[in-house]
There are 2 protein chains.
Amino acid sequence: MATPLEKARKDPNSMKAKILKVARRMFGEYGYHGTTTRMIAKEVGIDISTLYYHWGEKTDLYESVILDINNDLRQKLDEVEKVIHGQPLARRLGIAIDMVTDYLFECPEISNLVLFQYFGKTRKESNLDFHVPDFISDIARSMDLCKTKESIPTSASMRVLAMMNSIHNFISGENFFREMLKLKREEYIEHVKETLEFILIPAFNGGSQGQTDINQTDIRR
Amino acid sequence: MATPLEKARKDPNSMKAKILKVARRMFGEYGYHGTTTRMIAKEVGIDISTLYYHWGEKTDLYESVILDINNDLRQKLDEVEKVIHGQPLARRLGIAIDMVTDYLFECPEISNLVLFQYFGKTRKESNLDFHVPDFISDIARSMDLCKTKESIPTSASMRVLAMMNSIHNFISGENFFREMLKLKREEYIEHVKETLEFILIPAFNGGSQGQTDINQTDIRR
DNA sequence: ATATAATTCCATCAAATGATGGAAACACAT
DNA sequence: ATGTGTTTCCATCATTTGATGGAATTATAT
C-alpha cells in the first residue's frame with residue numbers, strides 16, 4: 001500500500017487510477033515525448049497540478065504505466081497458460097493466439113507501450129530493468145522450447161520474442177494497417193488471427209517436416 | 001532537381017545530405033517528438049538556423065526522411081528480387097532474409113522509422129500517404145502468395161506485413177534484446193537470421209504439411 | 001461544529017523548443 | 001577588385017512544456 005501505483009490498483013475509482021488509465025492510453029498512442037502532462041490532465045478533466053500532486057514527475061508516471069501494463073500482461077499470460085495446459089502443441093498455440101489477441105485488441109495500449117519500450121529511446125535514459133521478463137521463460141516452457149524455467153536457450157528466447165512481437169505488431173499497427181487494407185475492425189481482427197496462425201503454428205509445430213531435405217547453409221547460399 | 005530531397009540525393013557531400021543523414025538516425029532513435037531540431041543541428045555541427053535554411057520546418061524535414069528511407073528500402077527489395085528470381089521458394093526466402101537482414105542491420109534507422117510510422121502517432125496528423133506500399137505487392141508475388149500484382153488478397157498483404165515486421169522488430173529492438181540476452185553483435189545477428197528462418201520458412205514453404213489433420217476451428221476450440 | 005488532513009485549482013516560473021530576421025562570411029564569375 | 005548570389009551564424013521571439021507554491025475547497029475525524 002506504499003506506492004501510488006499500488007494505491008491506484010487498489011481503488012479503480014480513485015483519481016490516481018483515473019489518471020493512470022488515461023496516461024496508459026496517451027503514452028501508448030504518442031510515446032513518452034509525444035505526450036505532455038497537459039494532454040493527460042486535460043483528457044482526465046483535471047488541472048495539471050492535480051496530476052503532479054498524485055504522480056509526481058512525468059518520468060515517475062511513465063514508469064508506473066510501464067510497470068502497470070507489464071503486470072497486466074503477465075497476469076493475462078498466466079491465465080492463458082492455465083487454459084492451454086495439457087493440450088497438444090498446435091492447439092495450445094491456436095488457443096493462446098486467440099486469447100492473447102482478443103485481450104490485446106481490448107487493451108491496445110499494452111502492445112503500444114511494449115513496442116515503445118523495445119524500439120524507442122528516451123532523451124534521458126530510464127533506469128527500468130533490462131532483464132529477461134519472466135513471462136518469456138514461461139512461454140518458452142509452455143511452447144516446449146525448453147525443459148526447465150531456469151536454463152532458457154537463447155534461440156528459445158528469440159523465438160518467443162518473435163512470436164509476441166508478431167502479435168503486438170498487428171495490434172499496435174491497427175490504425176495504419178486497417179486503413180491501408182480498407183477493413184472493418186472485425187474483419188481485421190479475424191485476418192490477424194488467421195495470419196498469426198499461418199505464420200506461427202507451422203514453425204513451432206514441427207515446421208521442419210516440409211523442408212527436411214534442405215539444410216540450413218543450402219538455403220542461404 | 002526541384003525538391004531539397006532530390007538535391008540531397010544528388011550530392012551526398014552537400015550540407016543538405018549531411019543533415020538528412022543525421023536526421024534519419026535521430027528521428028529513428030528518438031521518434032518525431034523525441035528529436036529536437038537543436039539535437040540534429042548539434043550532431044551535424046551547425047547552427048540551428050542553418051538547418052532551417054536547408055530544410056524548412058521540422059515536419060518538412062521529417063517528411064523527407066520518411067520518403068528517403070522508403071525509397072532506399074524499395075531499392076534494396078528490388079535488388080533482392082533480382083537475386084532470388086527463379087530460385088525455389090525456401091531458398092528465395094532464405095536468401096531474402098539473409099540479404100534484407102544484413103542491409104537493415106547496416107541502416108537500422110530504416111527499421112526504426114518504418115515501425116514508428118506504423119505504431120506511433122504524431123500530435124498533428126501528417127498528410128503522408130496511407131496506401132499499400134508497392135513493395136508489399138511485389139513481395140507477395142515473389143512469395144507465390146498471388147499471381148498478378150494487381151489483385152492482392154488481403155491475407156497475402158497481411159502475411160507480407162507479418163514477415164517484414166518480424167525482421168524490423170529484431171533490427172529496431174537490437175539495443176533492448178541484445179542487452180537482455182547478453183549477446184555480442186555478431187552473435188545477435190546470427191540468432192536473428194536463424195530465428196527468422198525458423199519462423200518464416202515453414203509457414204511459407206507449405207507449413208500445412210505438419211498439421212493437415214487439424215482443421216482451423218479445431219485448433220482454437 | 002470544529003479541527004485536521006487530503007485534494008484541487010489558479011497563477012506563475014524557468015527551461016526547452018520551433019522558428020525567423022538580419023548581419024557576417026563565403027564562393028565565384030566578371 | 002567588385003558585385004552577386006549563396007551559405008552560415010548570432011540574437012531573439014513566441015509557445016510549449018515540466019514543474020511548484022499557495023490559496024481555496026472538500027472530505028474526515030472528533
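Not measured: the values here are computed from a predicted model. In what follows, chains are A, B, ... by sequence order, proteins preceding strands, each numbered from 1.
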Q. In terms of side-chain geometry, is the basic nitrogen of A/Arg178 or A/Glu187 positioned less than 4.0 Å from the acidic oxygen of its partner?
A. no
Q: Look at A/His54 and C/dT8 and indicate whether a side-chain polar atom (N or O) is within less than 4.0 Å of OP1 or OP2.
A: yes
Q) Where the side chain of B/Arg38 is defined as all heavy atoms beyond and including C-beta, which of D/dT12, D/dA19, D/dT8 is the nearest nucleotide? A) D/dT12
Q) B/Met15 has an atom CE; how far is it from atom P of C/dC26, in whole Å? A) 14 Å
Q.
Tell me whether the side-chain N/O atoms of A/Tyr53 come closer than 4.0 Å to OP1 or OP2 in C/dT7.
A. yes
**Q.** Presence of A/Arg123 side-chain N/O under 4.0 Å of C/dT17 phosphate oxygens OP1/OP2
**A.** yes
Q) In whole angstrom, what separates B/Ile48's CD1 from D/dA14's P? A) 17 Å
Q.
Nearest whole Å is fine: how far is C/dT7 P from A/Ile19 CD1?
A. 11 Å
Q.
Determine whether a donor-acceptor pair (one donor, one acceptor, N or O, separation below 3.5 Å) exists between the side chain of A/Ser49 and the base of C/dC9.
A. yes
Q) Could you state the CG-P distance from B/Asp60 to C/dG18, rounded to the nearest angstrom? A) 14 Å
Q.
Quick test of your reading of the model: are B/Asp68 and B/Arg9 salt-bridged, counting only N-O distances below 4.0 Å?
A. yes
**Q.** Ion pair check, A/Arg25 and A/Glu109, cut-off under 4.0 Å
**A.** no
Q. Taking OP1 and OP2 of C/dC9, is either one under 4.0 Å from a side-chain nitrogen or oxygen of A/Thr50?
A. yes
(Q) Check A/Asp78 with A/Lys82, please: is the shortest side-chain N to carboxylate O separation under 4.0 Å? (A) no
**Q.** Selected nucleotide, minimal atom distance to A/Glu57 side chain, candidates D/dA19, D/dT8, C/dA19
**A.** D/dA19
(Q) Without decimals, in angstroms, what is the distance between B/Tyr32 OH and C/dT17 P? (A) 13 Å
Q: Could you state the atom-to-atom distance from NE2 of A/His33 to P of D/dG18 in whole Å?
A: 10 Å
Q: Just call it for B/Thr36: base, sugar-phosphate, or nothing, with non-hydrogen atoms closer than 4.0 Å on any strand.
A: sugar-phosphate
Q. Nearest-Å distance, CD1 (B/Ile46) to P (C/dC26)?
A. 16 Å
Q: Report the distance from atom NZ of A/Lys124 to atom C1' of D/dA19, rounded to the nearest whole Å.
A: 11 Å
Q | Geometric cation-pi criterion, A/Arg159 with B/Phe198: 6.0 Å, 45° | A | yes
Q) Base, sugar-phosphate alone, or nothing: which one does A/Thr35 contact when heavy atoms must sit under 4.0 Å apart? A) sugar-phosphate
Q.
With a 4.0 Å limit, can you tell me whether A/Tyr52 has a side-chain N or O closer than that to the phosphate oxygens OP1/OP2 of D/dT20?
A. no
